[in-house]
Amino acid sequence: MQKYRVADLGKYVGQEVELKGWLYNKRDIGKVRFILVRDGSGIVQGVMVKNNLPEEVWDKFDDLTLETSLIVRGTVREEKRAPGGYELDVTDIEIFQIADGYPITKKSHGVEFLMDHRHLWLRSKKQWAIMRIRDEIQSAIMDFLREQGFVRIDAPILTSSAAEGTTTLFEVDYHGDKAYLSQSGQLYMEAAAMAHGKVYCFGPAFRAEKSKTRRHLLEFWMVEPEMAWVTFEENLEIQENMVSYIVERVLKNRRNELEILERPIEPLEKVKPPFPRVTYDEAIEMLKKSGDPELEKIEWGEDFGAPHETYISNKFDKPVFITHFPTKMKAFYMQPDPNRPEVVLAADLLAPEGYGEIIGGSERIYDYDLLKQRIQEWGLPEEDYQWYLDLRKYGTVPHSGFGLGLERTVAWIAKLPHIRETIPFPRMLHRMVP
RNA sequence: UCCGGGGUAGCUCAAUCGGCAGAGCAGCGGACUGUUAAUCCGUUGGUUGAGGGUUCGAGUCCCUCCCCCGGAGCCA
C-alpha cells in the first residue's frame with residue numbers, strides 16, 4: 001500500500017515522498033520536463049531539471065506514455081503556479097508497466113468512443129470528480145438516515161411480480177418459474193417499517209422500458225425510506241431535509257470536484273428547507289397560463305411530460321414539490337386525500353435547473369378494504385399481494401415513504417447534461433458493455 | 001416502437017454540381033530551462049458502416065440491412 005497520497009502532499013513540504021500511480025500527462029520544453037502523476041487521490045505535477053538529475057532518471061521520461069504505471073520519488077515544494085498548490089521535484093522514477101497506445105488521448109472524443117472505453121474513461125479527471133460526488137451523496141444519504149433513526153433493510157432483487165403493475169420488467173428464469181428484477185423495494189420496506197418503525201433500502205432498480213433519454217437508465221440506484229406513523233406532510237419535511245443535507249455535504253466535502261466540473265455553486269447554496277409546494281391543480285393552472293401553446297394543451301388528469309416539469313421547476317430556484325395528483329394517474333397503494341378522494345396524498349420533487357423528478361413519494365393506504373379494492377381495480381393478481389394485505393390486517397398504521405433516484409440527483413448536483421455519466425457502468429437501451 | 005440527425009485515418013471532423021479522399025490531434029523523428037489539452041519543424045497513416053444498383057466515373061444518387069446519437073412515451 002502507498003504511504004503517501006497526492007491529496008495529503010501539503011503535510012510533507014520539504015520532505016522526500018514516494019508516490020505510486022499513473023502518468024496522467026507529460027510536457028517537455030527541452031532541459032525542463034514535467035510529468036503529471038495521478039494516484040487516485042489527486043494529480044500532482046513533477047518537475048525534472050536536466051542539470052539536477054542523473055542521466056538514467058532523466059532518460060526515463062522518454063519511455064513514459066499516458067497511463068504508464070509508475071512509482072515517483074521526489075521532494076514536495078509549495079508552488080503557487082500549480083493547481084493544488086504543490087509540486088514535486090522529481091529525484092527518481094520507477095516504471096512498473098509502460099502503457100502502450102492508451103486509447104483516450106488529450107484531445108476530444110465522441111460519446112460512443114468514450115462509452116466503449118468506459119473502463120478507462122473512469123480515470124479521466126471529470127469522471128473521477130463525478131464518481132467522488134456520487135460517493136459523497138451516497139454517504140450523506142446513509143449518514144442522514146442513520147442519524148434520524150432509520151435502519152437499513154435490504155430488499156430482494158428477484159421478485160415474483162410487479163410492485164406497481166405498471167412498468168415493464170426484466171424477466172428471468174427462476175428454475176422454471178418466472179421471476180422479475182425488482183423495480184422498487186417499497187412494498188418490502190412497508191413490511192420492514194412495521195418491524196423497525198423507520199427503514200430504508202438502497203440498491204439497484206430495473207426498468208425494462210425502451211427509454212432513450214438523458215434521464216433514463218435501465219439499471220439505476222434508488223434509496224427508498226419508509227416510515228410508520230408518518231403522514232403526508234411529515235414525509236415531505238423529511239425529504240426536503242434530506243435533499244438539503246445531501247447538497248450541504250457535497251458543498252462541504254466535494255468543492256474541488258465541483259470546480260473540476262465547472263459547476264456553479266450559487267444555485268446549490270440556495271437549497272435549504274422549506275421547499276415550495278405546488279398542487280397538481282395549481283401546476284395545471286400555471287401551465288394553462290404559460291403562453292406556450294404546447295404546454296397549454298394539457299388537461300386535468302393528464303401526466304406531465306418533461307417540458308411541463310421543466311416549466312414548473314424553472315419558476316423556482318429550489319427543488320419544488322408537486323402534490324395531490326389525480327388518483328387514476330398514480331400507483332394503487334397511494335392514500336386518497338380524505339377531503340378529495342379524486343386526488344392522492346402523493347408528491348413528486350422536481351430538481352431545479354431543468355433536471356426534473358428526483359423523488360416520488362406518498363402516504364400509503366392503511367385500510368384493508370380500500371387496499372383490496374384498489375388491487376382489484378388495478379387488475380393486479382390478488383394472490384401475489386396477500387402478504388402485502390396482511391400488513392393492513394395485523395396492526396395497520398398510517399405510513400409514508402418515498403424513493404430518491406441517485407443518478408438523477410448526481411446529474412443535478414454535478415450539473416451534467418446526461419445521466420449516463422453518473423453511474424460507473426451504465427446500462428442503457430444499446431449499452432451493456434463494458 | 002415512433003420522429004429527427006449521423007456513420008470518411010487511431011481520435012475529432014471536412015470534401016462545392018457525381019470528377020485525383022483532405023485537415024487538426026494522436027503516433028514517430030527533431031528543436032526549446034516553467035509547461036498547464038505547451039509550442040514549432042518534419043513524417044507515417046484510408047476496404048469512406050455492410051451488401052446490391054445507376055453511371056465512363058459514386059464518400060456523394062437509388063434500394064435493403066446494421067450500428068450510433070438526440071427527442072417522444074414510461075418513470076427515479
Side-chain angles (χ1 to χ4, degrees), chain A residues 24-36 43-53 58 61-62 65-66 77 79-84 87 89 100-117 124-126 162-169 182-186 202-224 239 294 302-309 329-331 348-351 355-361 402-412 417-420 422-423 428-431:
Chain A
Y24 189 73
N25 198 0
K26 68 174 186 178
R27 289 182 277 271
D28 176 4
I29 53 161
K31 294 198 174 63
V32 181
R33 292 169 161 181
F34 303 94
I35 56 172
L36 284 140
I43 299 174
V44 69
Q45 175 161 273
V47 184
M48 302 170 71
V49 178
K50 190 174 167 84
N51 297 337
N52 304 343
L53 277 178
W58 175 256
F61 181 93
D62 295 325
T65 55
L66 292 190
R77 178 168 40 77
E79 173 58 66
K80 286 220 172 70
R81 286 171 289 188
E87 267 187 356
D89 287 320
D100 188 15
Y102 187 69
I104 300 178
T105 63
K106 287 178 271 185
K107 281 284 178 173
S108 63
H109 296 285
V111 178
E112 190 185 357
F113 179 84
L114 289 168
M115 271 302 167
D116 283 341
H117 296 87
S124 302
K125 208 192 239 178
K126 286 194 176 179
E164 308 183 13
T166 52
T167 54
T168 323
L169 303 179
S182 171
Q183 55 148 342
S184 163
Q186 180 204 310
F202 200 166
F206 305 87
R207 306 278 163 93
E209 274 102 6
K210 299 198 170 175
S211 302
K212 245 175 86 73
T213 80
R214 67 181 72 187
R215 298 180 307 281
H216 289 88
L217 295 167
L218 304 194
E219 177 183 302
F220 65 98
W221 284 64
M222 187 158 62
V223 58
E224 294 178 279
Q239 292 171 41
E294 279 304 308
E302 291 174 2
D303 211 343
F304 299 140
H308 305 101
E309 286 186 353
M329 254 171 59
K330 289 290 184 179
D348 287 352
L349 183 68
L350 306 184
Y355 278 90
E357 183 181 351
I358 55 170
I359 288 181
F402 63 96
L404 175 138
L406 177 64
E407 286 77 16
R408 287 188 180 175
T409 305
V410 176
W412 160 50
H418 200 296
I419 197 170
R420 66 186 156 219
T422 63
I423 186 165
M428 297 181 296
L429 195 48
H430 299 294
R431 168 79 50 194

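Lettering of chains follows the sequences in order, A, B, ..., and the numbering in each one begins at 1.
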Quiz item: Rounded to whole angstroms, how far apart are CZ on A:Phe304 and P on B:G73?
Solution: 13 Å
Quiz prompt | Nearest-angstrom distance, P atom, B:U60 to B:G18 | solution = 11 Å
Quiz item: Base, sugar-phosphate, or nothing for A:Arg420, non-hydrogen atoms under 4.0 angstrom?
Solution: sugar-phosphate
Exercise. Please determine, for B:C74, whether a Watson-Crick or G-U wobble partner exists with both distances under 3.5 Å, and give it or none.
Key: none
Quiz item: With a cut-off of 6.0 Å (strictly less than), are more than 12 heavy atoms of other residues, nucleotides or ligands near CG of A:Asp62?
Solution: yes
Practice problem: Tell which nucleotide pairs with B:U60, taking only Watson-Crick or G-U wobble pairs whose two distances are both under 3.5 angstrom. | Solution: none
Practice problem: Please test A:Phe34 against A:Asn25 for side chain to side chain contact (heavy atoms under 4.5 Å, CB included), starting from the C-alpha separation and ending with a verdict. | Solution: CA-CA 8 Å; A:Phe34 303 94; A:Asn25 198 0; over 6 Å; no
Quiz prompt | Minimum-distance nucleotide (side-chain atoms of A:Lys210 versus B:A72, B:A38, B:U1) | solution = B:U1
Exercise. For nucleotides B:A38 and B:C75, find the distance between their C1' atoms and express it as a whole number of Å.
Key: 47 Å
Self-check item: Listed nucleotide nearest any side-chain atom of A:Asp28, set B:C32, B:A76, B:G34
Solution: B:C32
Quiz item: Considering only B:A76, B:A37, B:C11, which nucleotide approaches the side chain of A:Phe113 most closely?
Solution: B:C11
Practice problem: May I ask you to say what A:Lys50 touches in the nucleic acid, namely base, sugar-phosphate or nothing, with a heavy-atom cut-off under 4.0 Å? | Solution: nothing
Quiz item: In whole Å, what is the span from the CG atom of A:Leu66 to the C1' atom of B:G10?
Solution: 14 Å
Practice problem: Please state the P separation for the pair B:C28 and B:U44 - nearest whole angstrom. | Solution: 16 Å
Quiz item: How close or far is atom P of B:G7 from atom CG of A:Asp116, stated in whole angstroms?
Solution: 17 Å
Exercise. Using the P atoms only, state how far B:G27 lies from B:A21, rounded to an integer number of Å.
Key: 29 Å
Quiz prompt | Below 4.0 Å: OP1/OP2 of B:G70 and any side-chain N or O of A:Arg215 | solution = no
Practice problem: Could you work out the separation of B:G24 and B:A14 based on their P atoms and round it to a whole Å? | Solution: 16 Å
Quiz item: What's the shortest heavy-atom distance between A:Arg214 and A:Pro417, and which atoms?
Solution: CD-O, 3.4 Å
Quiz item: Do A:Glu79 and A:Arg77 sit within salt-bridge range, that is, some charged N less than 4.0 Å from a carboxylate O?
Solution: yes
Exercise. State which of B:U36, B:A76, B:C32 makes the closest approach to the side chain of A:Arg81.
Key: B:U36
Practice problem: Select base, sugar-phosphate, or nothing to describe what A:Ala82 touches, counting heavy atoms under 4.0 Å on all strands. | Solution: nothing
Quiz item: Under 4.0 angstrom, heavy atoms only, what part of the nucleic acid is A:Glu219 near: base, sugar-phosphate, or nothing?
Solution: nothing
Exercise. Tell me which of A:His308 and A:His109 sits closer to the 5' end of RNA chain B, going by the nucleotide each one is nearest to.
Key: A:His109
Exercise. With RNA chain B as reference, determine whether A:Met428 or A:Trp221 sits nearer its 5' end, using the nearest nucleotide of each.
Key: A:Met428
Self-check item: Nearest to side-chain heavy atoms of A:Glu112, which nucleotide of B:C67, B:G34, B:C75
Solution: B:C67
Quiz item: Separation of A:Tyr24 atom OH from B:U35 atom C1', in whole Å?
Solution: 16 Å
Exercise. Please give the nucleotide sitting opposite B:C28 as a Watson-Crick or G-U wobble pair, both distances under 3.5 Å, or none.
Key: B:G42
Quiz item: What are the two closest heavy atoms between A:Glu224 and A:Gly403, and how far apart are they?
Solution: CG-CA, 3.9 Å
Quiz prompt | Identity of whatever pairs with B:U8 - Watson-Crick or G-U, under 3.5 angstrom | solution = none
Quiz item: If you look at every heavy atom in A:His216 and A:Thr213, which pair is closest and at what distance?
Solution: ND1-OG1, 2.6 Å
Quiz item: To the nearest Å, how far apart are A:Leu169 CG and B:A76 P?
Solution: 13 Å
Practice problem: Respond yes when some side-chain nitrogen or oxygen of A:Asn52 is under 4.0 Å from OP1 or OP2 of B:U33, and no when none is. | Solution: no
Exercise. Return the value, rounded to whole Å, for the distance between atom CD1 of A:Ile35 and atom P of B:U35.
Key: 18 Å
Practice problem: Check every strand shown and say whether A:Glu407 touches a base, only sugar-phosphate, or nothing at a heavy-atom separation below 4.0 Å. | Solution: nothing
Exercise. Report the base-pairing partner of B:U55 (Watson-Crick or G-U wobble, both distances below 3.5 angstrom), or none.
Key: none
Quiz item: Base, sugar-phosphate, or nothing: which does A:Gly305 touch, judged by heavy atoms less than 4.0 Å apart?
Solution: sugar-phosphate
Quiz item: Nearest-Å distance, CE (A:Met222) to C1' (B:C74)?
Solution: 14 Å
Exercise. Could you check which of B:A76, B:G71, B:U36 has an atom nearest any side-chain atom of A:Lys212?
Key: B:G71
Quiz prompt | Euclidean distance for P, B:C68 against B:G73 (whole angstrom) | solution = 22 Å
Quiz item: So, is A:Arg27 near the phosphate of B:A38, with a side-chain N or O under 4.0 Å from OP1 or OP2?
Solution: yes
Quiz item: Has the side chain of A:Ser211 got a donor or acceptor that lies under 3.5 Å from a partner of the other kind on the base of B:C74?
Solution: yes
Quiz item: Looking only at atom C1', what distance separates B:G59 and B:A9, rounded to whole Å?
Solution: 14 Å
Quiz item: Does the aromatic ring of A:Phe34 sit over the six-membered base ring of B:G34, closer than 5.5 Å centre to centre and tilted less than 30°?
Solution: no
Quiz item: What integer distance in Å separates A:His418:NE2 from B:G71:C1'?
Solution: 11 Å
Quiz item: Quick one: the side chain of A:Arg431 and the base of B:C68, do they pair up donor-acceptor inside 3.5 Å?
Solution: no
Practice problem: Using the C1' atom as the reference point in each nucleotide, state the distance between B:A26 and B:U47 in Å, no decimals. | Solution: 23 Å
Self-check item: A:Tyr355 and A:Arg408, any side-chain heavy atoms less than 4.5 Å apart
Solution: no
Practice problem: Have a look at A:His117 and say if it touches a base, only the backbone sugar-phosphate, or nothing, with a 4.0 Å heavy-atom cut-off. | Solution: nothing
Quiz item: Is A:Leu406 touching bases, backbone alone, or none of the nucleic acid, heavy atoms closer than 4.0 Å?
Solution: nothing
Quiz item: How would you label the contact of A:Thr213 with the nucleic acid (heavy atoms, under 4.0 Å): base, sugar-phosphate, or nothing?
Solution: base
Quiz item: Base, sugar-phosphate, or nothing for A:Ile358, non-hydrogen atoms under 4.0 angstrom?
Solution: sugar-phosphate
Quiz item: Judged by modelled atom types alone, do A:Arg27 and A:Gln45 share a side-chain donor-acceptor pair under 3.5 Å?
Solution: yes
Quiz item: So does A:Asp116 pair up with A:Arg431, basic N to acidic O under 4.0 Å?
Solution: yes
